[in-house]
Number of protein chains: 2
Amino acid sequence: MQIAKGVEWTTHICTVIALLPPGRGLAVDVLADFFEVPSAYLSKQMQLLRRAGVVESVRGKSGGYRLAKTPDDITLLDIVLAIEGPKPAFRCTEIRQNGPCGLKRTDCKRPCEIAAAFAEAERVYRDALKVKTLASIMQEAAVNAKPEHLNDIGNWVQQQLP
Amino acid sequence: MQIAKGVEWTTHICTVIALLPPGRGLAVDVLADFFEVPSAYLSKQMQLLRRAGVVESVRGKSGGYRLAKTPDDITLLDIVLAIEGPKPAFRCTEIRQNGPCGLKRTDCKRPCEIAAAFAEAERVYRDALKVKTLASIMQEAAVNAKPEHLNDIGNWVQQQLP
DNA sequence: GCCACGATACTCGGATATAAATTGTCCGAGTTTATTAGG
DNA sequence: CCTAATAAACTCGGACAATTTATATCCGAGTATCGTGGC
């Protein structure tokens with residue numbers, strides 16, 4: 001059970017493109033260099049975020065990616081669901097219906113207690129990610145980071161704009 | 001991000017071998033038939049549970065698997081950790097240390113806010129699985145199931161004992 | 001000087017390989033049990 | 001009849017494939033920009 005690397009990468013990247021002036025974007029190659037990750041694969045992950053409505057893309061010479069919503073409206077759960085897909089991690093295959101003592105389909109109206117327990121655990125997991133917005137993450141980071149580092153990032157972003 | 005099927009299988013199986021008389025066990029082949037799952041692969045998963053101290057194995061003619069602890073002392077988290085391993089699902093690769101604005105190692109004493117958020121989410125996830133003991137699952141199932149079905153399972157278990 | 005057109009450079013986007021993890025299988029190591037021969 | 005050695009049957013256990021998923025890559029589709037020629 002491992003979360004795709006794209007979740008880590010794209011989350012970090014969202015905190016960077018959130019600093020862009022309105023209407024501007026940054027290219028995948030540039031963002032990939034910023035974190036030293038493979039750009040082609042990152043491109044694939046950013047497409048997933050775009051389809052989920054987290055970011056927007058602009059083609060052409062001075063195009064790139066930018067946030068599709070305000071950092072307040074983007075949660076870590078949004079990013080995880082965009083990359084990993086919506087289906088839960090625990091797969092109930094209804095094996096209680098199998099074998100010599102298998103239940104009939106009609107007697108399986110309620111989910112089995114094991115599946116219910118895992119569903120509940122995933123619910124609280126998702127809730128924990130839902131309350132973490134991109135804005136809150138950035139705020140925490142701003143509080144903990146050295147001011148000079150924040151400046152470095154801000155300046156770097158400015159430099160990338162043509 | 002998917003949980004191995006072995007988690008579902010072995011959890012169901014634990015609820016069955018919990019019904020055994022003290023000191024008795026059931027063979028993998030028998031348990032595999034009960035849920036119609038591949039026995040050789042199930043064997044692999046049961047070995048993981050044994051190494052984690054959830055079940056005990058007895059070799060030889062009338063051997064098999066039985067619980068190593070009381071159902072009160074076995075949680076769903078124990079089973080998940082036994083099958084999936086102890087490492088968290090979210091992998092922080094410290095990409096904040098990469099690239100032109102990368103932080104120095106010495107400035108990364110605290111975990112980054114993104115990794116911290118995912119760690120917190122996994123903590124509540126594990127806590128939710130930790131409070132679900134095998135005993136509590138079996139109790140819920142006993143309440144919801146038809147009495148005849150419980151009898152069927154009990155009788156089947158008895159029949160398997162030589 | 002200004003505008004329209006075309007070429008160009010740059011970007012995303014999906015189709016395509018490679019690596020890794022999960023899933024599934026097989027046969028040998030180790031025990032218990034039943035059998036059998038001897039006392 | 002009882003005991004003990006022996007053989008057999010049955011079980012787990014780890015080493016060995018096949019399949020799916022995740023990771024990584026490449027090249028074509030599309031668009032804004034820049035250059036150029038004409039008006």
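Computed from heavy atoms alone, side chains included, the values below leave out hydrogens, waters and symmetry copies.
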Is any side-chain nitrogen or oxygen of [X] closer than 4.0 Å to OP1 or OP2 of [N]?
{"X": "A/Ser57", "N": "C/dT11", "answer": "no"}
{"X": "B/Arg50", "N": "D/dG14", "answer": "yes"}
{"X": "A/Gln47", "N": "C/dC12", "answer": "no"}
{"X": "B/Arg66", "N": "D/dC12", "answer": "no"}

Tabulated below should be each protein N or O lying under 3.5 Å from an N or O of nucleotides 20-22 of chain C; please produce it.
unit_1: C/dT22; atom_1: OP1; unit_2: A/Met1; atom_2: N; d: 3.4

note = Closest non-hydrogen contact found for A/Tyr65 with A/Leu20 is O-CD1, 4.0 Å

[X] has an atom [atom1]; how far is it from atom [atom2] of [N], in whole Å?
{"X": "A/Asp29", "N": "C/dG13", "atom1": "CG", "atom2": "C1'", "answer": "13 Å"}
{"X": "A/Glu8", "N": "D/dT23", "atom1": "CD", "atom2": "C1'", "answer": "14 Å"}
{"X": "A/Leu26", "N": "C/dC10", "atom1": "CG", "atom2": "P", "answer": "16 Å"}
{"X": "A/Lys44", "N": "D/dC27", "atom1": "NZ", "atom2": "C1'", "answer": "14 Å"}
{"X": "A/Leu42", "N": "D/dA22", "atom1": "CG", "atom2": "C1'", "answer": "15 Å"}
{"X": "B/Ile17", "N": "D/dC12", "atom1": "CD1", "atom2": "P", "answer": "11 Å"}
{"X": "B/Glu56", "N": "D/dT11", "atom1": "CD", "atom2": "P", "answer": "18 Å"}
{"X": "B/Gln45", "N": "C/dT25", "atom1": "CD", "atom2": "C1'", "answer": "13 Å"}

key: Per B/Ala27 side chain, nearest of listed nucleotides D/dT11, D/dG14, D/dA24   = D/dT11

request  = Check whether any side-chain heavy atom of B/Gln159 lies under 4.5 Å from a side-chain heavy atom of B/Asn155, and answer yes or no.
outcome  = no

message = Counting the atoms with a prime plus P, OP1 and OP2 as sugar-phosphate, which does A/Gly64 contact under 4.0 Å by heavy atoms, base, sugar-phosphate, or nothing?
response = sugar-phosphate

ask   = NA contact type, A/Gly25, heavy-atom cut-off 4.0 Å: base, sugar-phosphate, or nothing?
value = nothing

ask   = What class does the angle between the rings of A/Phe90 and A/Phe118 fall in, given that below 30° is parallel, 30 to 60° is tilted and above 60° is perpendicular?
value = parallel

remark   = In B/S/- notation (B base, S sugar-phosphate only, - none; protein heavy atoms under 4.0 Å), nucleotides 27-34 of chain C written 5' to 3' is ---BBBS-

key: For A/Leu134, the option from A/Leu76, A/Thr70, A/Leu67 that meets side chain to side chain contact (heavy atoms under 4.5 Å, CB included)   = A/Leu67

